[in-house]
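These notes concern the structure reproduced below.
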Amino acid sequence: VDCQKLHYAAHKAECRKHQTKKKATSSSRSSSHNAINSKVLQTQHNKGRSLVATRVISPGQGIDLWVNPNNTIQNHHPSGQTNGNNNNAASRKRARPMVPPVLLEGQRSSRCAVCFGPSVPSKKTTGAESSKPYAMVTCSSSSMSSMSCEQMAIKAGLVAETKTIWNVLGHGRIPKVLPTALLVYRLLVSTLAHADHDENGRGVHSNSWSEILNMTGQPERYPKNDNAQAHEQAVVLTVLALLQDSSNHSSIRHKTPLPTEQLLVLRIREILSRVKANAFSITDGNSDEEGGHVLGTAVFEHAAYLVNHACSPNAVQQFSFGPGQFPCLGLVARQTIEANSEITISYLPMNLYWIKQERQFHLRQAYHFDCECRLCVE
């Protein structure tokens with residue numbers, strides 16, 4: 001006690017010194033945690049652009065995806081919507097779909113077209129009667145801070161789109177709607193809805209089209225087999241039929257007349273090439289490694305489509321679901337990723353333990369490239 005009284009000033013000064021040092025350390029850690037942990041590497045041998053770590057990323061840590069090809073934080077969604085505070089570390093680690101994701105054919109009548117959660121068809125909200133050849137159902141889920149799935153479906157144009165699909169199917173112009181065709185159609189509509197056209201039929205003022213052009217298309221290194229050619233033809237015919245029927249809808253009325261059919265076909269094939277190379281399968285598990293069921297497919301914004309493949313990747317995709325919103329994509333480190341190391345994911349299901357020859361075969365068939373990752377080279 002006597003020591004405290006005699007040396008009070010010295011004790012107080014020493015305590016302040018330790019407190020100041022502790023605050024500085026805490027602030028440094030917080031700043032490091034909130035700093036951007038990824039950037040786009042513009043060129044890489046045989047791979048083009050890729051996503052690399054700017055600092056050490058620990059296992060289980062999320063990876064920033066709101067980084068555009070110019071290595072700046074993207075403040076606005078291509079559709080004009082914002083993603084809240086993009087300087088917030090959590091919001092930067094979620095990539096939203098460029099257009100509404102598409103459920104697989106077997107999931108359409110039992111899952112919500114917005115949140116992808118289990119749902120029961122409702123005539124009142126969707127008109128998805130059992131006699132209809134195409135179903136689009138929504139659930140009644142909502143939260144205090146978001147609109148309901150039914151409201152989102154109307155706002156995103158899914159209800160109007162469903163009526164278009166019924167018209168096309170009812171007239172026998174197409175036998176069914178492939179998920180890939182519907183995704184290509186939605187991407188095409190997003191580029192035409194608010195854009196003028198140049199002589200090549202492209203939307204010269206469309207943010208969505210600029211985002212699509214940023215993607216790398218599927219290289220034509222191998223000749224297409226009969227199945228691939230038939231699939232492409234089915235996609236082209238389906239999109240053209242849907243576009244023709246929907247062109248009079250006020251929700252997607254264009255500033256100028258639609259391009260000629262020949263130019264539209266070229267654009268559809270251009271978008272299809274990018275969808276094949278960049279679309280993600282949305283699963284209900286935390287990752288493919290855990291064997292989640294595939295629910296649908298989507299193309300996600302920003303750096304999400306710049307992540308390259310490795311058969312033994314250092315990151316894995318995780319999907320987040322919520323009421324009144326479409327599924328979002330996140331990437332999480334599977335292992336320690338050193339600074340300046342490339343961030344990779346597997347384009348193949350990781351719960352299937354294929355040998356090298358099997359992996360190479362499926363990658364050539366689906367993505368048209370020969371894998372040269374460490375696992376395949378060793």
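Counting only distance, with no hydrogens or angles, the side chain of Ser58 and the backbone of Gln61 share no donor-acceptor pair below 3.5 Å. Gln244 contributes no side-chain N or O that, together with a main-chain N or O of Ala241, makes up a donor-acceptor pair within less than 3.5 Å. The backbone N or O of Phe280 sits less than 3.5 Å from a side-chain atom of Thr297, completing a donor-acceptor pair. Counting only distance, with no hydrogens or angles, the side chain of Gln360 and the backbone of Cys371 share a donor-acceptor pair below 3.5 Å. The main-chain N or O of Pro313 is found under 3.5 Å from a side-chain atom of Arg334 such that the two form a donor-acceptor pair. Although no hydrogens or angles enter the test, the distance criterion places no donor-acceptor pair under 3.5 Å between the side chain of Asn167 and the main chain of Ser246. The closest donor-acceptor contact from the side chain of Ser273 to the backbone of Arg269 lies at 3.5 Å or more, if one exists at all. In terms of modelled atom types and a separation under 3.5 Å, the side chain of Gln107 and the main chain of Leu104 share no donor-acceptor contact.
With values rounded to the nearest 0.5 angstrom, Glu105 atom CD is found 7.5 Å from Leu178 atom CG. Distance check, rounded to the nearest 0.5 Å: CG of Asn278 to OH of Tyr367 gives 9.5 Å. From Gln335, atom CD reaches atom OG of Ser341 across 9.5 Å, with rounding to the nearest 0.5 Å. Taken from CD1 in Ile154 to CE in Met152, the straight-line distance is 11.0 Å, to the nearest 0.5 Å. With rounding to the nearest 0.5 angstrom, the CZ atom of Arg94 is 6.5 Å from the OG atom of Ser320. In this structure, the separation between OG1 on Thr164 and CG on Leu169 is 10.5 Å, given to the nearest 0.5 Å.
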(request) Report the C-alpha separation of Gln229 and Gln233 in whole Å, then their side-chain angles, then the decisive distance to 0.1 Å, and conclude whether the side chain to side chain contact (heavy atoms under 4.5 Å, CB included) test is met. (result) CA-CA 6 Å; Gln229 291 179 352; Gln233 186 66 12; over 6 Å; no
(request) May I have the step-by-step check of side chain to side chain contact (heavy atoms under 4.5 Å, CB included) for Met98 and Ser190, ending in yes or no? (result) CA-CA 9 Å; Met98 291 180 61; Ser190 74; over 6 Å; no
(message) As a quick check of understanding, evaluate side chain to side chain contact (heavy atoms under 4.5 Å, CB included) for Asp64 and Thr54, giving each step before the final call.
(response) CA-CA 10 Å; Asp64 291 316; Thr54 57; over 6 Å; no
(request) Please lay out, stage by stage, how Gln325 and Cys115 fare under the test side chain to side chain contact (heavy atoms under 4.5 Å, CB included). (result) CA-CA 6 Å; Gln325 64 181 23; Cys115 71; over 6 Å; no
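Across all their heavy atoms, Arg96 and Cys328 have their closest contact at CG-SG, 3.6 Å. Here the shortest heavy-atom pairing between Gly324 and Cys149 reads N-SG, 3.3 Å. Taking each heavy atom of Val114 and Thr138 in turn, the nearest pair found is CG2-CG2, 4.5 Å. When all heavy atoms are compared, the tightest approach of Arg108 to Val177 is NH2-O, 2.8 Å. When all heavy atoms of Ser312 and Leu375 are compared, the closest pair comes out as CB-CD2, 4.2 Å. Nearest heavy-atom pair, Arg111 versus Leu295, reported as atom, atom and distance to 0.1 Å: NE-CD2, 3.4 Å.
A 4.5 Å side-chain heavy-atom check between Leu158 and Pro100 finds at least one atom pair inside the cut-off. Within the 4.5 Å cutoff, the side chain of His231 has heavy atoms near those of the Lys276 side chain. Proximity of Ile282 to Phe326: side-chain heavy atoms (C-beta onward) are nowhere separated by under 4.5 Å. Counting only heavy atoms from C-beta outward, the side chains of Val56 and Thr336 approach each other to under 4.5 Å. Between Leu51 and Ile63 the shortest side-chain heavy-atom distance falls below 4.5 Å. At least one side-chain heavy atom of Val236 sits less than 4.5 Å from a side-chain heavy atom of Leu240. Using a 4.5 Å cut-off on side-chain heavy atoms (C-beta onward), Thr283 and Gln317 make no contact. Annotation: side chain of Ile343 is in contact with side chain of Asn314 (closest heavy-atom distance under 4.5 Å).
A 6.0 Å sphere centred on CD of Glu261 holds no more than 12 heavy atoms belonging to other residues, nucleotides or ligands.
Residues Trp166 and Leu242 share a hydrophobic cluster, clusters being chains of Ile/Leu/Val/Met/Phe/Trp/Tyr side chains in contact below 4.5 Å. Hydrophobic cluster membership is shared by Ile174 and Ile271, with clusters built from Ile, Leu, Val, Met, Phe, Trp and Tyr side chains linked at under 4.5 angstrom. There is a path of hydrophobic side-chain contacts, each under 4.5 Å, that joins Trp354 to Ile345. Ile165 and Leu237 fall into different hydrophobic clusters, where Ile, Leu, Val, Met, Phe, Trp and Tyr side chains are chained together by heavy-atom contacts under 4.5 Å.
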